[in-house]
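Proteins get letters first, then strands, A, B, ... in listed order; numbering begins at 1 in each. Atom set for the values below is all heavy atoms of this structure, side chains included, hydrogens, waters and symmetry mates excluded.
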2 protein chains.
Amino acid sequence: MSSSLSSQITRMLLDMLEKEGTTEIRRNDLAQSLGCVPSQINYVISSRFTPEHGYIVESRRGGGGYVKITRVSLDSPTAIMHAVNSAGTSIDPLAARSCILNLLSRGVIDKSGARLMLSAVDDSALRPLPTEQRDAVRASILKQMLLAYGKDDK
Amino acid sequence: MSSSLSSQITRMLLDMLEKEGTTEIRRNDLAQSLGCVPSQINYVISSRFTPEHGYIVESRRGGGGYVKITRVSLDSPTAIMHAVNSAGTSIDPLAARSCILNLLSRGVIDKSGARLMLSAVDDSALRPLPTEQRDAVRASILKQMLLAYGKDDK
DNA sequence: GTTTTTGACTTTCTCTGACTATAATGTGTT
DNA sequence: AACACATTATAGTCAGAGAAAGTCAAAAAC
């Protein structure tokens, strides 16, 4: 179908991820081999390999730099993804709490993971923030942690 | 992996430290054997073997000089408290990261706990926030999580 | 109107070399 | 032997060049 540059890059990365579940690239090399500017790679990654899509991206600048993409492999994919989605862009303390407790009771996350998540999304951890900003940050942190937890399973 | 000179040196030193928990080198010899300039060793040490990372470095100039790296280890509660204190009221992403990694490498926290903490204090989790507010919130969240982990006494 | 593509600019990390600092050793003088 | 001084052998510091990757906004394509 769409043979846009972005789709090409996407397919390429997907392909690499197929085998290992993780892939490490040199941004500049990849761009060069595709005849595009390096920042195009960033665009593709930030539009299609986000945590919401189930990927974690790490990178390093400078000499010997790299970009590493890891697919979050989930044991209880639906549960976690559902939680991530339902967190949306904003979640209040109570909802966050019950979301975590719910996952715990269903054995998707363990006790110590739950404890950490609870402490991180607790209102007291977000104390430095004005009330009206807290829910958005809480949602962001919660999602990030849930996806990281997914990556953990082996 | 990244096979930059720095990574090579890092791996080498880590390897030596593995066995003894301490290692003593001749800066010039090591540099020579790697075909690099001696000050490169200093760079690696000052960027990856800092006290923050859990190492102390002693050295001596002049004839018979040396560089000695020792891995320090505190007991868990102390280490956690120390981490909590050093987080202060504001902490940047890099410092938070190395704080967590440090606790991990010393066996104070486990891999999955580290992963969760890392994801929660990552800048991408605090994305909804303006840059100037992130460090304060990060510190708060980190401390909250560390204390929660401590309660867990395992 | 949204998604893609680009390039100028920024930030971070690495590597080097010239210069500085310190310790050990040698050499000559009293 | 004791002292001073020079020489040599290390290690440390710092600034600058180079090597990636990141950001952002405007142009182009859909």
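Taking atom CD1 of A:Ile41 as the reference point, atom P of D:dA20 lies 15 Å away to the nearest angstrom. Remark: C1' of C:dT5 and CZ of A:Arg48 are 12 Å apart, rounded to the nearest angstrom. Rounded to whole Å, atom C1' of C:dT11 lies 12 Å from atom CG of B:Leu94. Summarising the geometry, the separation between OH on B:Tyr43 and P on D:dT13 is reported as 15 Å, rounded to the nearest angstrom. The interatomic distance linking A:Gln40 (CD) with C:dT4 (P) rounds to 9 Å, in whole Å. With rounding to whole Å, B:Leu34 atom CG is found 15 Å from C:dT14 atom P.
B:Ser59 comes within 4.0 angstrom of sugar-phosphate atoms only, judged by non-hydrogen atoms across all strands, and of no base.
The side chain of A:Asn28 places an N or O atom within less than 4.0 Å of a non-bridging phosphate oxygen (OP1 or OP2) of D:dA21. The side chain of B:Ser6 places an N or O atom within less than 4.0 Å of a non-bridging phosphate oxygen (OP1 or OP2) of C:dC15.
Two residues, B:Glu58 and B:Arg127, neighbour DNA chain D, and the one matched to the more 5' nucleotide by heavy-atom proximity is B:Glu58.
Distances were taken from every side-chain heavy atom of B:Ser4 (C-beta onward) to each of C:dT5, C:dC15, D:dT13; the shortest belongs to C:dC15.
At a threshold of 4.0 Å, the pair A:Arg138-A:Asp122 does not count as salt-bridged, since none of the basic side-chain nitrogens sits closer than that to a carboxylate oxygen.
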